[in-house]
Amino acid sequence: MNKTVEVLPDQPTLVGRALELILSKLNTAIEQHGRFTIALSGGSTPKPLYEAIATQKLPWDKIHIFWGDERYVPPDHPDSNELMTRRAWLDRVDIPAANIHPVPTLEANPELAAAKYEQHLKEFFNSSGVEFPALDVVLLGMGDDAHTASLFPHTEALKVRDRLVTVGNKDGNPRISFTYPFINSARSVIFLVAGANKRPALAQVFAPVADDFTYPSRLIQPQGELWWLLDAAAGLELQH
Ligand SMILES: O=C(O)[C@H](O)[C@@H](O)[C@H](O)[C@H](O)COP(=O)(O)O
């Protein structure tokens, strides 16, 4: 694993750096294999990044959008990560509808939604074997409890190693989430973390020893590149 930690002075520069990094990965992916696949996170931190990506002139027909996690709500629900992303980005660019791969949250139950999304991912990546398919980029946030995607502390989702997608749980509310082994199969994993409230969790995630099930972001150890992009408020104590 190739890990890079960058601390940017404030959120606008953090967003600018994240945009630069994602565009670099996008260009490399399209040069090397003709398309770019990215899984997005929800929450508030990435929204300005999505708005910035929407201003770029890109080969949208070669770009495929997935979500690393989603709340088990309809796509028009205010809590939907898909809705936030469409409003901030996807509705503003000429990306083919077929290139947007939302979590099927209208399925009858979260388990079925997770299974269907997994099946879709396997078909898209044409992977039927034991190998986990590799997205070019998985973009992640981190909660102040050190959760990432919808992998929350001390939940059953943290034990799932033989699936691409599972059901997460936040305070009794079901979520659909990539599993940590599937996240770890990505070519690049990029954490985007801002705010002083994330500092204690980051200290535990970066500690030489701490419990992975208490601080789930510790489980993200990709075979490929791991990038931590932090603003100074979050990353103050991690600056080398
Ligand atoms: O569905 C979600 O909410 C996200 O995927 C979640 O994992 C998010 O990234 C963190 O909770 C950080 O959220 P903020 O960026 O709002 O702090």
Side-chain angles (χ1 to χ4, degrees), residues 8 10-12 14-15 17-19 22 38-53 65-90 101-105 110 113-114 117 135 137-155 157-158 160 164-180 182-184 186 189-202 204-205 212-220 226-235:
L8 288 306
D10 53 37
Q11 275 198 293
L14 174 67
V15 168
R17 176 63 182 128
L19 177 65
I22 288 171
I38 183 170
L40 303 176
S41 78
S44 57
T45 307
K47 190 165 175 283
L49 170 60
Y50 299 163
E51 291 165 345
I53 297 175
I65 306 292
F66 299 84
W67 279 266
D69 74 314
E70 182 58 277
R71 293 83 183 274
Y72 181 63
V73 295
D76 59 356
H77 188 283
D79 288 348
S80 166
N81 289 337
E82 176 190 350
L83 181 65
M84 181 272 282
T85 311
R86 285 185 184 276
R87 284 180 174 163
W89 169 8
L90 302 178
H101 308 268
V103 179
T105 55
Y117 204 40
L135 282 100
V137 171
V138 172
L139 179 69
L140 297 174
M142 188 194 74
D144 56 12
D145 60 356
H147 84 263
T148 191
S150 284
L151 302 171
F152 290 90
H154 303 297
T155 56
L158 301 180
V160 180
L164 305 185
V165 185
T166 191
V167 177
N169 184 305
K170 177 179 184 176
D171 307 332
N173 298 311
R175 303 273 193 100
I176 313 303
S177 182
F178 282 8
T179 61
Y180 81 85
F182 181 35
I183 293 171
N184 284 337
V189 175
I190 302 173
F191 274 98
L192 192 65
V193 182
N197 65 314
K198 306 293 175 75
R199 221 180 279 171
L202 280 171
Q204 294 299 328
V205 171
D212 292 349
F213 277 26
T214 306
Y215 306 104
S217 291
R218 292 177 62 87
L219 292 166
I220 307 306
L226 176 58
W227 295 81
W228 284 89
L229 302 184
L230 313 171
D231 73 350

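Please read all numbers here as calculations on a predicted model, not as lab measurements. Counting starts at 1 for both ligands and their atoms, following the listed order. Numbers for residues simply follow the sequence, beginning at 1.
Listed by number with element, the atoms of ligand 1 under 4.0 Å from a non-hydrogen atom of Gly141 are 9 (O). Residue contact check: His147 has heavy atoms under 4.0 Å from atoms 6 (C), 7 (O), 10 (C), 11 (O) of ligand 1. Less than 4.0 angstrom separates some heavy atom of Thr45 from each of these atoms of ligand 1: 14 (P), 15 (O), 17 (O). Within ligand 1, counting atoms from 1 as listed, the ones closer than 4.0 Å to a heavy atom of Asp69 are 1 (O), 2 (C), 4 (C), 5 (O).
Ranking protein heavy atoms by distance to atom 12 (C) of ligand 1, first place goes to Met142 O, 3.6 Å. In terms of protein heavy atoms, atom 2 (C) of ligand 1 is closest to Arg71 NH2, 3.4 Å. Residue, atom and distance of the protein heavy atom nearest to atom 13 (O) of ligand 1 are Gly43 CA, 3.9 Å.
Taking every heavy atom of both residues into account, Tyr72 and Ala113 meet most closely at CE1-CB, 4.4 Å. Shown here for Pro110 and Pro174, the closest heavy-atom pair between the two residues is CG-CB, 3.6 Å. Across all non-hydrogen atoms, the minimal contact from Lys198 to Ala234 is CB-CB, 4.4 Å. A pairwise comparison of heavy atoms in Asn184 and Leu219 identifies ND2-O, 3.0 Å as the closest pair.
In this structure, Lys198 has a heavy atom closer than 4.0 Å to ligand 1.
Polar contact check, Gly42 against ligand 1: a nitrogen or oxygen pair lies under 3.5 Å apart.
Around atom CZ of Arg87, no more than 12 heavy atoms belonging to other residues, nucleotides or ligands sit under 6.0 Å away.
A search for side chain to side chain contact (heavy atoms under 4.5 Å, CB included) contacts involving Pro12 returns Asp10, not counting sequence neighbours.
Under 4.0 Å from ligand 1, the heavy atoms of Asn81 that appear belong solely to its side chain. The part of Ala149 lying near ligand 1 is the backbone, judged by heavy-atom distances below 4.0 Å.
Considering only heavy atoms from C-beta on, Phe152 stays 4.5 Å or farther from Pro216 through its side chain. At least one side-chain heavy atom of Ile38 sits less than 4.5 Å from a side-chain heavy atom of Ile65.
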